[in-house]
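Working notes for the structure below.
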Amino acid sequence: MMEFDQAQAQLAEAAGALTRRETLPLAQLAGRVLAQDLQAALDLPPADNSAMDGYALRAADYAAGRKLPLMAERIYAGLAPQPLSPGHAARLFTGSLMPEGADTVIMQEDAHEADGSVTFLQAPTPGQHIRRRGEDTRAGEPLIAAGTVLQAAHIALLASQGIAQAQVYARLRVGILTTGDELVAPGQPRALQQIYNSNGAMLAAMATGMGAEVPLVLHALDDEASLKQAFEQLLQACDLVLSVGGVSVGERDLVKPVLESMGASLVLWKVRMKPGKPVALAQACGKPLVCLPGNPVSAFSVFTVLVSPLVRRMQGRRDIFPATPLVALRTERTRRDGREEFLRVQYRAGDFPELHPYRNQSSGVMSSLPWADGLARLPYDTDIPDGTPVRYYDYRLWQR
Ligand code: AMP
Ligand code: MG
């Protein structure tokens, strides 16, 4: 059996970042992955300006109780000011450009204005209350690195630099294939021996939740022709194909022989993890194809911890493996089966955060899925006393 960490690392290497790129305007960049390193275009602020509503002066002109005549011009933000005449002060406001010759700002609370002159109540520190040209960014400096998922904060920064568009990776196209004679699509009538197909909708939602596109969700019966046709269609239309079910060693588990008949090399991994032991990786038509266990709870966990890093890699993202902090697990476990276990847990915040497992960890229990906030990873063959710190895989990080 393959160690979980090794399987995770190897899967993340199954493909590189997409080569397809597109250039999009600011309004369409939220959530997209930057494909180029961006440098600052401008010094920001572009010129020295006032950090206060107040008065600009030369510090050398200040003396206790001295009246300075005011320049006739009141310098509002957005105005290009006249130079400051010697021995004068100028009225200005937050964001107003500093007039040439002025080196200091005194805030209006420390000033008394009357009859076209101003007196200051406090001695200024020379140079105070000025935002200096370039103190925020300097033209040519690195601004945002390739591989960053652009959020409102990055978009604000680009806009402040006057950058109206950026090059991003194309959206990753994920194709999904569910398999099984027993499955019916939700919304259709169902016979006693049938169950509803939950994996198709679930995996599509997981992929789109990560910012991918899902152009095709197909279902194949457990026969070779149906599987082969579906795989061909998916490999044509998508960058990454996920199939679920049909990959163990049952008589109707035909995914492996079908992929082999298509010339794909498929390696079946028995990963030392529970739920989810059988996972397979193939390369077909130059594209990665991952086969997940059919059980929906297993497929959910395997997608989260094993497949999501590959999705991030192909999307061009920099952070492939999110953090897994240690959090106290509030249960005790005796572990003897030689597989790491991923428990569905709720995270209880507080000064000493805790993880509480769902009461029934059987991999058939669908109701545990929306209940849980994430997965707690338990080492194999190790007894876990109550309160043991374990690695926590937060869905908010791992399913993004
Ligand atoms: P398999 O690996 O195909 O033997 O599937 C393992 C278990 O998961 C079986 O009980 C299947 O009925 C169930 N299963 C497989 N695919 C799905 C699906 N798309 N939706 C719900 N259950 C599924
Ligand atoms: Mg099946």
Side-chain angles (χ1 to χ4, degrees), residues 1-2 7 11 174-209 212 214-231 233-234 238 240-261 264 266-282 289-307 339 341-342 344 358 360-372 399:
M1 270 198 286
M2 191 187 280
L11 257 170
V174 178
I176 293 164
L177 175 63
T178 59
T179 66
D181 292 343
E182 74 280 28
L183 298 171
V184 199
Q188 298 301 310
R190 186 188 64 90
L192 180 67
Q193 69 280 14
Q194 294 178 310
I195 57 171
Y196 283 117
N197 182 341
S198 36
N199 284 333
M202 178 185 83
L203 289 169
M206 294 183 94
T208 51
V214 180
L216 278 179
V217 182
L218 299 183
H219 180 71
L221 298 174
D222 292 316
D223 72 65
E224 300 194 8
S226 171
L227 284 166
K228 183 160 188 274
Q229 204 221 328
F231 274 127
Q233 213 182 327
L234 288 160
C238 303
L240 166 67
V241 175
L242 305 178
S243 77
V244 243
V247 81
S248 342
V249 287
E251 271 176 32
R252 304 306 295 277
D253 290 333
L254 298 170
V255 164
K256 190 166 194 251
V258 164
L259 283 171
E260 280 165 352
S261 79
L266 177 139
V267 247
L268 186 65
W269 295 354
K270 293 205 165 80
V271 183
R272 204 185 267 279
M273 69 184 286
K274 178 178 143 182
K277 182 166 63 177
V279 176
L281 173 66
L289 192 155
V290 185
C291 308
L292 309 183
N295 190 306
V297 170
S298 305
F300 187 88
S301 305
V302 166
F303 181 93
T304 305
V305 297
L306 282 183
V307 179
R339 289 155 77 194
E341 188 171 7
F342 287 84
R344 277 144 280 145
Y358 194 69
N360 182 347
Q361 293 287 334
S362 150
S363 61
V365 180
M366 294 292 287
S367 52
S368 63
L369 292 182
W371 181 89
Q399 295 177 355

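Just follow the structure's listing: the first ligand is 1, and inside any ligand the first atom is 1.
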Going by the atom numbers of ligand 1, which of them fall below 4.0 Å from some non-hydrogen atom of [X]?
X: G246; value: 1 (P), 2 (O), 3 (O)
X: N197; value: 18 (C), 19 (N), 20 (N)
X: Y196; value: 20 (N), 21 (C)
X: S198; value: 20 (N), 21 (C)

Treating [X] as the side-chain partner and [Y] as the backbone partner, does any N or O pair qualify as donor plus acceptor under 3.5 Å?
X: Y196; Y: Q188; result: yes
X: H219; Y: A185; result: no
X: S301; Y: V297; result: yes
X: R252; Y: G246; result: no
X: Q229; Y: S226; result: no

Give a yes/no on ligand 1: does [X] have at least one heavy atom closer than 4.0 angstrom to it?
X: V244; value: no
X: P296; value: yes
X: G180; value: no

Are T178 and N197 linked by a side-chain donor-acceptor pair shorter than 3.5 Å?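 Judged by distance alone, the side chains do pair up.
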
Taking both backbone and side-chain atoms of T178, is any N or O found less than 3.5 Å from an N or O belonging to ligand 1?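 Checking ligand 1 against T178, no N or O pair falls under 3.5 Å apart.
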
Where is the nearest protein heavy atom to [atom]: which residue, which atom, and how far?
atom: atom 10 (O) of ligand 1; result: E182 OE2, 4.9 Å
atom: atom 17 (C) of ligand 1; result: N199 ND2, 3.2 Å
atom: atom 7 (C) of ligand 1; result: N295 N, 3.8 Å
atom: atom 23 (C) of ligand 1; result: G294 O, 3.4 Å
atom: atom 4 (O) of ligand 1; result: D253 OD1, 4.1 Å

Specify the closest pair of heavy atoms between [X] and [Y], including all atoms of both residues, with the distance to one decimal.
X: L203; Y: I176; answer: C-CD1, 3.5 Å
X: C291; Y: L266; answer: SG-CD1, 4.2 Å
X: Q361; Y: F342; answer: OE1-O, 4.4 Å

Would you kindly specify which portion of I195 sits under 4.0 Å from ligand 1, judged on non-hydrogen atoms: side chain, backbone, both or neither?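 Side chain only.
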
